[in-house]
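Quantities reported herein were computed from a predicted structural model and do not represent experimental measurements. Labels below follow one simple rule: chain letters A, B, ... track the order of the sequence lines, proteins then strands, and each chain is numbered from 1.
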Protein chains: 2
Amino acid sequence: MSETGLTFSPEIELRLDEAARLCAERGVTLTPLRREVLGLVLSSEQPIGAYALLDRLRRRRRGAAPPTVYRVLDFLRALGFVHKVERLNAFVGCPSASNYVGHDQGHAVQFLICTRCGRVTETEDDAIAAAIADAAERHGFRQMRATVEIEGICRACVG
Amino acid sequence: MSETGLTFSPEIELRLDEAARLCAERGVTLTPLRREVLGLVLSSEQPIGAYALLDRLRRRRRGAAPPTVYRVLDFLRALGFVHKVERLNAFVGCPSASNYVGHDQGHAVQFLICTRCGRVTETEDDAIAAAIADAAERHGFRQMRATVEIEGICRACVG
DNA sequence: CTCGTCAATGTTATAATATAACGCGTCAAG
DNA sequence: CTTGACGCGTTATATTATAACATTGACGAG
Ligand SMILES: [Zn+2]
Ligand SMILES: [Zn+2]
Ligand SMILES: [Zn+2]
Ligand SMILES: [Zn+2]
């Protein structure tokens, strides 16, 4: 008789509600499937690969297949709710997507990838962005976006 | 009766000779296979994928298989002769590998990826590297390396 | 010489990541 | 009612990368 109930932690459900609100603002829909995938990404301590996501998704959705998850990831990335970490071929939730609405084309973002614990921290460093913009301009290059992924050992792991 | 002759342009053969010299200096060998793969990468105007490389390699080496090319690429990357462009899952020759010998762990490098013509330019921008090092330090992050890939339209394409 | 060892490559199979192409149901505009 | 956009299911395939084991040839120890 009950609805499906909370699938994710209360904090994450809040973020999902916020994401739904932002979707509505833009005339798109955070469908149950999209909400579930986003919830799974946000629930992961580490970047999660498309197929790991697919495995978890299948526990609730029988018919899920690769296109299911890739399509949803495309949608979530286009809205700035999720980023891809290229070095890992894996996906992370955007921590600022719930706070700020200018992320259509994605903000200028950098990742700190800990090779020890596997965690990834997202930053938005203006100095890096400026240095990149400057270098691009000096090369007569019309920059559209930049991937910045810094690998090393995070504060927690380095002790 | 003649030897195989020049497989690549004279400029590239010169760079291959230089690479062989650098290998010898470090106690490793630029075998014919490795030399040929490096030549193919250097001959490509654009980043080249492992399987495109494999196709070209097979014209001369019958038995070539994926491990053949991936092993050689690992070798060439470890020596700094070749870089991987993560956004493209493709490989480029390092333009400075022939001039400078400190590339064992790879120099701090950035790529300008033109989404129009597909060409990739390698840069070595100290300001970007410094901004990244600074941001990492502020996060208590012990940086090992960084991937910086800037996408846009190159000077030639933007006209 | 002959054996052991190592680097390099060959060889077969498979894993991991990603997309193409088509179909089907819903829903709202016209 | 028809049409078209959207969301998703479904099947098949493409693309990228690695695991695991075999073979070859060079070279030094004995
Ligand atoms: Zn973000
Ligand atoms: Zn860590
Ligand atoms: Zn380089
Ligand atoms: Zn261009």
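Atom-to-atom distance recorded for A:L30:CG and A:F81:CZ is 7.0 Å, nearest 0.5 angstrom. How far OH of A:Y51 is from OH of A:Y70: 5.0 Å, rounded to the nearest 0.5 Å.
Nucleotide D:dC6 holds its P atom 17 Å from the CG atom of A:L30, rounded to whole Å. What separates CZ of B:R35 from P of C:dT9 is a distance of 14 Å, to the nearest Å. Protein atom CG of B:L76 is 14 Å distant from nucleotide atom C1' of C:dT9, rounded to whole Å. Look at CG on B:D55: it is 14 Å from P on D:dA14, rounded to the nearest Å. Protein atom CG of B:L54 is 15 Å distant from nucleotide atom C1' of D:dA14, rounded to whole Å. The CG atom of A:L33 sits 17 Å away from the P atom of C:dT26 (whole-angstrom rounding). To the nearest angstrom, C1' of D:dG7 lies 15 Å from CD of A:E36. For the pair A:L38 CG and D:dG7 C1', the interatomic distance rounds to 17 Å; values are reported in whole Å.
A:R145 places no side-chain N or O within donor-acceptor distance of the main-chain N or O of B:E151, the cut-off being under 3.5 Å.
Around CZ of B:R58, the count of heavy atoms belonging to other residues, nucleotides or ligands within 6.0 Å exceeds 12. The environment of CZ in A:R61 is crowded: more than 12 heavy-atom neighbours from other residues, nucleotides or ligands sit within 6.0 Å.
At C:dT9, none of the side-chain N or O atoms of B:R61 fall inside 4.0 Å of OP1 or OP2 (strictly under the cut-off). An OP1 or OP2 oxygen of C:dT9 is reached within less than 4.0 angstrom by a side-chain nitrogen or oxygen of B:T31. Checking the phosphate oxygens (OP1, OP2) of D:dG9, a side-chain nitrogen or oxygen of A:T68 falls inside 4.0 Å.
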What string of B, S and - do you get for nucleotides 17-27 of chain D 5' to 3' if you count protein non-hydrogen atoms under 4.0 Å? BBBB-------
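Between A:F75 and A:A65, the residue anchored closer to the 5' end of DNA chain D is A:F75, taking for each the nucleotide with the nearest heavy atom. With DNA chain C read from its 5' end, the first of the two nearest nucleotides for B:G63 and B:V28 is the one closest to B:V28.
Annotation: ring pair (Phe, Tyr, Trp, His ring centres under 6.0 Å) contacts of B:F111 (sequence neighbours excluded): B:H83.
Between B:D134 and B:R138 a salt bridge is recorded (basic side-chain N to carboxylate O distance below 4.0 Å).
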